[in-house]
Trainee: 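After the structure tokens below, expect a handful of questions from me.
Count residues from 1 along the sequence. As the structure lists them, so they are numbered: ligands from 1, and atoms in each ligand from 1.
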Amino acid sequence: MGKMKHPQSIHVDLRALSGMSHRCTGCATTDACCCATYEVCVSAREMRAIIGVLPMAAEFCPGLKGRKGFDNVFEEVERGFFAIDTHENGLCVFAYRCEEGIRCALHTVARRMGVPSHQVKPFACTLWPLVMQEPPHAALSICDGALRFHCNKRRRKVGDISPEIIDAIKNLLGGAAGDQIARAARKGIRTARVALQGPLAGEP
Ligand code: SF4
């Protein structure tokens, strides 16, 4: 899950999207847990949003707090893009364990604040297991290797995208785009081009 740049419209790989369902049920261990698998990079704007909620995130991840304030958990890997630190076992520093398994403190904080998760949580994490390839071939598809995670299941109902994935698309692209994509998939269309609004277009 790397940096995200935002095109104005995007191809949607309907065939790939209809081939998988996704439901996060919380991982019991770091084996095949998305939060322990990828290097997550954020833009400067995403980093500032995360820094703004560090005190709340630290309620779930006390390790974020150092002796003299909050530790810097970002490393600039490319101009304007910052990788989030992980623990030695690869688990993201914003992951925490609770009865429901491994959860994201930033997601929990967003829910507590009553804001959409992408306003606080890294965009790449909000999108996963969907992935947006970067321009000039921008396309919304399924992340390579997604089926090795137990929260993702192969679907054989061709021409129909799972309700969870349609919901995720609606959150990111808006309800009209989600409906357009669902209709196109039902008609057996393999790819569709969709105008971007909201977070996928880089808007807050
Ligand atoms: S930011 Fe949250 S969702 Fe993303 S890897 Fe870290 S814990 Fe997981």
Trainee: Any idea which atoms of ligand 1 are less than 4.0 Å away from a heavy-atom of Phe94?
Mentor: 7 (S)
Trainee: Is atom 4 (Fe) of ligand 1 under 2.8 Å from any N, O or S atom of Cys34?
Mentor: no
Trainee: What part of Lys121, side chain from CB on, backbone N/CA/C/O, both or neither, has a heavy atom under 4.0 Å from ligand 1?
Mentor: side chain
Trainee: Does Ile102 belong to the same Ile/Leu/Val/Met/Phe/Trp/Tyr cluster as Val109, with side-chain heavy atoms less than 4.5 Å apart forming each link?
Mentor: no
Trainee: Identify, by atom number and element, the atoms of ligand 1 in contact range of Val40, meaning under 4.0 Å from any of its heavy atoms.
Mentor: 5 (S)
Trainee: Anything under 3.5 Å between a donor and an acceptor, one on a side chain of residues 54-74, the other on a protein residue two or more places apart or in another chain? List them.
Mentor:
| from | atom 1 | to | atom 2 | distance (Å) |
| --- | --- | --- | --- | --- |
| Glu59 | OE1 | Arg112 | NH1 | 2.8 |
| Asn72 | OD1 | Phe74 | N | 3.0 |
| Asn72 | ND2 | Phe74 | O | 3.2 |

Trainee: When the ring centroid of Trp128 is compared with that of Phe149, is the distance short of 6.0 Å?
Mentor: yes
Trainee: For Pro122 and Leu106, which heavy atoms make the closest approach, and how far apart are they?
Mentor: CD-CD1, 3.7 Å
Trainee: Please determine whether the number of non-hydrogen atoms from other residues, nucleotides or ligands lying under 6.0 Å from atom CG of Asp144 exceeds 12.
Mentor: no
Trainee: Looking at atom 6 (Fe) of ligand 1, is one of the N, O or S atoms of Cys92 less than 2.8 Å from it?
Mentor: yes
Trainee: Sequence neighbours left out, what pairs pass side chain to side chain donor-acceptor pair (under 3.5 Å) with at least one residue falling in residues 182-196?
Mentor: Ser9-Arg193, His11-Arg193
Trainee: Taking 4.0 angstrom as the limit and counting only heavy atoms of Ala95, give me the atoms of ligand 1 inside it, by number and element.
Mentor: 7 (S)
Trainee: Which atoms of ligand 1 sit under 4.0 Å from any heavy atom of Cys125?
Mentor: 1 (S), 3 (S), 4 (Fe), 5 (S)
Trainee: Shortest non-hydrogen contact from Ile161 to Arg155?
Mentor: C-NH1, 3.7 Å
Trainee: Check whether any N, O or S atom of Cys104 sits under 2.8 Å from atom 2 (Fe) of ligand 1.
Mentor: yes
Trainee: If you count the atoms of ligand 1 from 1 in the order shown, which ones are under 4.0 Å from a heavy atom of Pro122?
Mentor: 1 (S)
